[in-house]
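Shown next, in structure tokens, is the structure this report addresses.
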Amino acid sequence: MEKIMSKIKDLKENVRDTIVCVVTECTKGITNSHNSYLNLVLQDNSGKIDAKKWDATEKDMEALKVGHVLSLLVDPIIYKGQMQLKIIDFDELKGPVDQKELIIHPPVSTEELEKELNHFILEIEDVEIRTIVTEILGQYYDQFLYHPAAKSNHHEYASGLLHHEVSMLKLAKAIVCLYPTIQKDYLYGGIILHDLGKIKELSGPITTEYTTKGKLLGHISIIQTDIVEAAKKHQINEDKALLLQHMVLAHHGKYEYGSPVLPHTLEAEVLYLIDNMDSRIHMIIKALNNVEKNSFTNKIPALEGRSFYKYDE
């Protein structure tokens, strides 16, 4: 096997190459001629990419499991405008691997995002709302700084949850300037709290999976319970805690999207819209980054199955 190691982002069409990656997804398929193959998603710190191992043997299936780190000899090809890999050969790495080589990081440093988050917290003027936010955030803080926001759809990388929330807070600040009727403290507090339950719902930034608690309870109910407990601990006005609970419960916006209730306050509706906007824009940009100019992305299931066109500027 060739020894020169490349990153996913550096792969060139029809140029055989060697990469070191972790398997983040793997499913088995059967061809029309009844041969087994594997659909995989591979990841290093430069990104993710789809790959296939044709004519997969039992040995291949045992080695190409989620969480396994491998050195792979691959042929990059373009299929429907997107690069994917044909796996030619591979070796599983037995020794220690630097996790920094496998974890995708946000486009802004974690340190800068942390500073911005703390600035927004200080802008929450209502002492009781800020107390609930800091109490709950403090319980999760170390994990929160490096946790992904999702398994696959959006901000699915280290510090993705932090990046998502800071982006939402920036959008919120602009919207509050346009519509001063919006209660800034509730909106900021709801944004910071709304997805914190994902720290218990999802595992870490490599091979992110749903935890048992995540599958049984979900991030919405987890954080809603935390708000009740924080309010009782600090003897905070029940109405304020109730409004924050409502924002968390309603932030998916629609029953079919997993919201136990629909938004019934202005701030809950704005939280839903901002959350939806940031996640959808991120998904589109991510898909466009993976296609050549003058071609369409693959259909994105979370965006009504639409494809998006990358035009030549």
Side-chain angles (χ1 to χ4, degrees), residues 6-15 17 19 21-29 31 37-54 66 72 74-87 102-108 148-161 163-164 167-168 170-171 195 198 202 205-210 252-254 256-258 272-313:
S6 296
K7 293 292 185 181
I8 288 173
K9 68 178 180 61
D10 299 323
L11 296 173
K12 306 295 183 185
E13 181 184 5
N14 298 326
V15 177
D17 215 331
I19 53 176
C21 293
V22 60
V23 179
T24 61
E25 296 179 38
C26 182
T27 57
K28 180 181 175 181
T31 66
Y37 69 92
L38 297 175
N39 286 310
L40 304 111
V41 177
L42 306 175
Q43 174 181 312
D44 64 19
N45 61 7
S46 72
K48 294 185 178 184
I49 194 166
D50 292 332
K52 282 188 167 55
K53 179 64 178 76
W54 298 104
V66 171
L72 303 110
V74 297
D75 283 343
I77 61 172
I78 300 296
Y79 178 70
K80 293 185 177 179
Q82 291 192 305
M83 184 176 288
Q84 65 175 233
L85 305 179
K86 177 182 178 182
I87 298 173
L102 302 174
I103 296 175
I104 302 172
H105 292 279
V108 183
K151 184 178 185 296
S152 58
N153 279 344
H154 69 93
H155 300 87
E156 69 283 22
Y157 43 74
S159 301
L161 183 55
H163 187 209
H164 177 44
S167 298
M168 288 178 63
K170 289 179 177 178
L171 287 169
D195 269 352
K198 288 186 175 181
L202 300 170
I206 298 183
T207 62
T208 305
E209 298 292 343
Y210 284 92
H252 282 184
K254 299 181 180 180
E256 57 267 34
Y257 294 165
Y272 156 62
L273 294 172
I274 291 174
D275 187 24
N276 203 31
M277 173 185 279
D278 187 54
S279 60
R280 290 167 80 90
I281 289 173
H282 184 275
M283 284 187 278
I284 295 169
I285 291 173
K286 181 178 69 171
L288 290 173
N289 285 340
N290 290 327
V291 298
E292 298 180 322
K293 291 180 179 180
N294 300 316
S295 60
F296 281 88
T297 68
N298 287 340
K299 293 180 179 179
I300 305 173
L303 296 177
E304 299 80 44
R306 286 176 287 148
S307 299
F308 288 82
Y309 183 63
K310 185 173 184 176
Y311 52 85
D312 192 356
E313 298 177 1

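In this structure, A287 and I300 approach most closely via the heavy-atom pair CB-CD1, 3.7 Å. Nearest heavy atom pair, residue D195 against residue H164, reads OD2-CD2, 3.7 Å. Scanning both residues, K7 and N45, for their nearest heavy atoms gives NZ-OD1, 3.1 Å. Among all heavy-atom pairs drawn from D44 and S6, the shortest one is OD2-O, 4.4 Å. Minimum heavy-atom separation, S159 to P106: CB-CG, 3.8 Å. Closest non-hydrogen pair, V15 versus P76, comes out as O-CD, 3.1 Å.
Side-chain contact between L303 and F308: present, with at least one pair of heavy atoms (C-beta onward) separated by less than 4.5 Å. Here the side chains of K12 and D17 are not in contact, with every heavy-atom distance at 4.5 Å or above. The closest side-chain heavy-atom distance from K48 to Q43 is below 4.5 Å. Counting heavy atoms from C-beta outward, S46 and D10 have side chains that stay 4.5 Å or more apart. The side-chain heavy atoms of M83 and I8, taken from C-beta on, include no pair separated by under 4.5 Å.
In this structure, the separation between CG on D278 and CG on L273 is 12.5 Å, given to the nearest 0.5 Å. Atom NE2 of H155 is separated from atom CE of M168 by 9.5 Å, given to the nearest 0.5 angstrom. In this structure, K9 NZ and I49 CD1 are separated by 13.0 Å, a value rounded to the nearest 0.5 Å. In this structure, CD in Q84 is found 11.0 Å from CG in L40, a value given to the nearest 0.5 Å. A distance of 5.0 Å separates CD1 of I87 from CG of L72, quoted to the nearest 0.5 Å. In this structure, OH on Y210 lies 5.5 Å from CG on L202, to the nearest 0.5 angstrom.
Residue Y79 places its OH atom among 12 or fewer non-hydrogen atoms of other residues, nucleotides or ligands, all under 6.0 Å distant. More than 12 heavy atoms of other residues, nucleotides or ligands shown are found within 6.0 angstrom of NZ on K286.
In this structure a side-chain-to-backbone donor-acceptor pair under 3.5 Å is missing from T297 to S307. For D312 (side chain) and K293 (main-chain N/O), no donor-acceptor pair under 3.5 Å exists by modelled atom type.
Paired with C26 under the rule side chain to side chain contact (heavy atoms under 4.5 Å, CB included), one option of L42, L38, V41, N39 passes, and it is L38.
Between H163 and H282, the ring planes lie perpendicular to each other; the angle is over 60°, past the 30° to 60° tilted range.
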